[in-house]
Engineer: 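I have a structure I would like to understand better, so I am pasting it below and will then ask my questions one at a time.
Below, chain A is the first sequence line, B the second, and so on; all start at residue 1.
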Amino acid sequence: MRICRGTVAGPVLAALASLAVMMTAAGSARAESEDCATPPELTEADVQLPRFAERLKARQPVTIVAIGGASTIGQAAGSPDLSYPHQLEQNLAKDFPASPVSVVNKGVPRQSAKQMLERFPTDVFAEDPVLVVWEVGITDAVRGTDVDDFAQTLQNGVEGLKNRAIDIILVDMQFSRSSTTVINFEGYLKALHRVGDLADVYVFPRFEMMHYWSEQNVFNFDDVAAEDRAKLAARVYDCLGQKLAQMIRRAVP
Amino acid sequence: MPRDLLGLPRTIVMRAVPGPSPRALPRDLRLDFFRGGALICIFIDHIPGNYLNYFTLSAIGFSDAAEVFIFISGFTAALVYGRALATRGALIATVLVLRRAWQLYVAHIFLFVIFIAEVSYTVRTFNNPMYNEEMGVGDFLEHPHIAVVQAMVLQFQPTFLDILPLYIVLLLIFPVVLLCLRWQPMAVLAPSALVYLAVQVFGLDMPAYPPGSVWTFNPLAWQFLFVFGAVLGHGETQSPGRARLIGLVYWPALAIAAVALVIRLSWAFHGVWDAVPAFFLRQLWPVNKSNLSPIRLVSFFALVVLTARWVAPQARFLRAKAAWPVVLCGRHSLEIFCLSILLSALGHFLMSEINAGFGMQVAVNVVGVATMCLTAGVLDWYRAMQQMPAAPTARALSEGSGGEE
């Protein structure tokens, strides 16, 4: 837990405050594949998606836009059908059969937060979503964008979505030991989680989850034979889709 | 031409020891000491997950080592080249400044080559499906012919390769700044402040490569700090008038520094323990660094005033044995800066590849800072050795240059 020290205490306290919500959520949680298990503190957060929940309660159709980079489009797995947004759609469709749920995938590889923000009018607002899942930060960390600029861009994006009455989930970076050797994620992770804290937006802790899977040898991200790479990516995306769906379910009473 | 450890040409005109110019005051040790301190902070801050990050300059105010580095560089540039201008004329002073800019450019290219080596090696041996796509690192390996040219014209600025381009650009405009300074300081300060204000109001920035990115340190904003340092470094630096001015702004500066300290500490504690309130976090954060947000600037100026008031140019602790390595680091700032970047990359590598435990933290920091200080010591010894024969011509040449800016 070297990175993101500050971000664990927040969800823990928030979760304590909403114990009742949690217990009902735990009761309704379905069995998930063994592989995807994470320590409880990573899924304890209190997720608030009021407009999304309202739509589902009214049994209306729901559009979610997943905007992000290569890992949103599912590049490593070879097909958007294996990406985490697609897995999310499948999971939510099972959970909420009364409302047609569609997840629109707007992942474009190698985009900084700023470039994604510039796509908001055409790729996000045009789809009229009720929830946006914004996966962001990898390219900024790789390119070394100024951290404060990165945070400001995120804040502008979050504010723009809030002004349009769109619910938001932020998804932080991917983890692998070899990438943390060459890329400095720490500042970007802190900034992303702080933006979430300040705006009361849930940040899906993908980095810590993948860190956990890597430490526990559930997945080995760093030494993969060429022919197994797509398979591994697909499994990880599947897990992330399941976990994200689990967190979103929590927002629907 | 004699060359130092980094292969940078160095001639006798760039000496640290003041020439026998009658006006020359003893070298202001504060400049070397605090620039050396800034370099050590840069080393520490560039290692992710380093606990010492909590104790660097950025922990006690809104500014960080970058401000110190640029401000002191402006100050010393005016001091050194101002003296050259006074004793040897505009042409020689200009040539000396441009020569220094050239040294920085060579250092920049040197760091860039190391960057290429690191990235190429990493990407070729990278075996991670989740990151292969994202590791393009500014598309460097896909369009090396473009990226290399863009780096040479200072447009491609990967991590760590962003502050030297700023410094180079600042030195390129410096001859004009220097000439105007001699004529009328306000003729420099006023336009400089106006450009800075324009950046704050209109959000002007400098486009960079790849398209869509901007200069990490916006030169249009940061020039103000450099020029301000130059205005202060020019002329009588220890006049009674200046002491009065410092006395006048002392209490406001103390108040600002105290408030900044409390706010920053509250943010740091909030990050560790949620129950501690983070004062004004919602209103103030993020504090823009690219454009040198006024909050950073004011916070930094407050620290400058306090330093000027509390620390004398020849204060005893600056001459103490313990402070000497830091002074030396600041005196050989270019070489030590390049070294600090390499060392922090190495430290980052060790901490992520092996472990980031307490022992490793201590080892990385101690070895890193010691390496910087020892290298500075060797460089200083080497420079002194060059000066030993002190032929009359060399003596004459060194006149008027108070040291490396």
Side-chain angles (χ1 to χ4, degrees), chain A residues 2-3 5-7 9-10 12-13 69-71 75-77 109-112 114-115 118 138-139 141-152 155 174-187 190-191 194-195 197-198 210 221-226 228-230 232-233 236, chain B residues 46-50 53 118-119 121-123 125-139 157-162 210 212-214 216-218 267-268 270-275 278 281-282 285-291 293 296 344-345 348-353 355-357:
Chain A
R2 170 164 41 91
I3 296 188
R5 267 181 299 278
T7 58
V12 170
L13 289 176
S71 63
Q75 190 117 2
R110 299 186 188 188
Q111 284 213 319
S112 64
K114 212 173 157 197
Q115 287 168 311
E118 281 161 10
I138 292 177
T139 301
V142 168
R143 288 197 182 147
T145 313
D146 178 53
V147 173
D148 298 308
D149 280 356
F150 170 69
Q152 188 65 62
Q155 285 190 331
Q174 302 192 100
F175 171 85
S176 86
R177 208 165 48 83
S178 54
S179 63
T180 53
T181 302
V182 286
I183 305 167
N184 176 358
F185 287 110
E186 192 192 32
K190 274 187 184 163
R194 188 178 267 178
V195 168
D197 278 352
L198 289 179
M210 290 179 69
F221 301 118
D222 294 307
D223 196 14
V224 196
D228 296 335
R229 288 182 190 178
L232 170 71
V236 175
Chain B
H46 276 149
I47 302 176
N50 190 346
N53 288 346
E118 187 196 349
V119 169
Y121 181 81
T122 309
V123 172
T125 55
F126 212 61
N127 202 16
N128 178 334
M130 314 303 293
Y131 262 100
N132 277 354
E133 177 54 37
E134 310 284 12
M135 277 299 290
V137 191
D139 311 327
Q157 305 178 351
T159 319
F160 299 158
L161 294 172
D162 42 22
S213 51
V214 294
T216 313
F217 290 91
N218 184 351
W267 292 7
H270 179 76
V272 182
W273 193 38
D274 259 12
L281 185 62
R282 209 171 281 273
W285 185 82
V287 182
N288 188 298
K289 183 171 181 182
S290 282
N291 287 347
S293 151
R296 291 183 71 108
S344 47
H348 179 187
F349 179 82
L350 290 174
M351 280 169 54
S352 14
E353 278 295 302
N355 71 66

Engineer: Is N291(B) close to chain A through its backbone or its side chain, or both, or neither, when contacts mean heavy atoms under 4.5 Å?
Structural biologist: neither

Engineer: Between V287(B), N288(B), L281(B), which has the largest tally of heavy atom pairs under 4.5 Å with chain A?
Structural biologist: L281(B)

Engineer: At their closest point, which heavy atom of S352(B) faces which heavy atom of T180(A), and how far apart are they?
Structural biologist: OG-O, 3.4 Å

Engineer: Using non-hydrogen atoms only, which part of Q155(A) is less than 4.5 Å away from chain B: side chain, backbone, both, or neither?
Structural biologist: side chain

Engineer: How long is the straight-line distance from NZ of K289(B) back to CD of Q152(A), given to the nearest 0.5 Å?
Structural biologist: 16.0 Å

Engineer: Checking heavy atoms, do the side chain of D149(A), its backbone, both or neither come under 4.5 Å from chain B?
Structural biologist: side chain

Engineer: Side chains of R110(A) and P210(B): does their closest heavy-atom pair fall under 4.5 Å?
Structural biologist: no

Engineer: Which one wins on heavy-atom pair count under 4.5 Å against chain B: A141(A), A191(A), G187(A), G144(A)?
Structural biologist: A191(A)

Engineer: Would you compute the distance between atom CG of D146(A) and atom OG of S213(B) and round it to the nearest 0.5 angstrom?
Structural biologist: 12.5 Å

Engineer: Heavy-atom pairs under 4.5 Å with chain A - which of Q157(B), H46(B), H348(B) has more of them than the others?
Structural biologist: H348(B)

Engineer: Considering only heavy atoms, which portion of V195(A) lies under 4.5 Å from any heavy atom of chain B: side chain, backbone, both, or neither?
Structural biologist: both

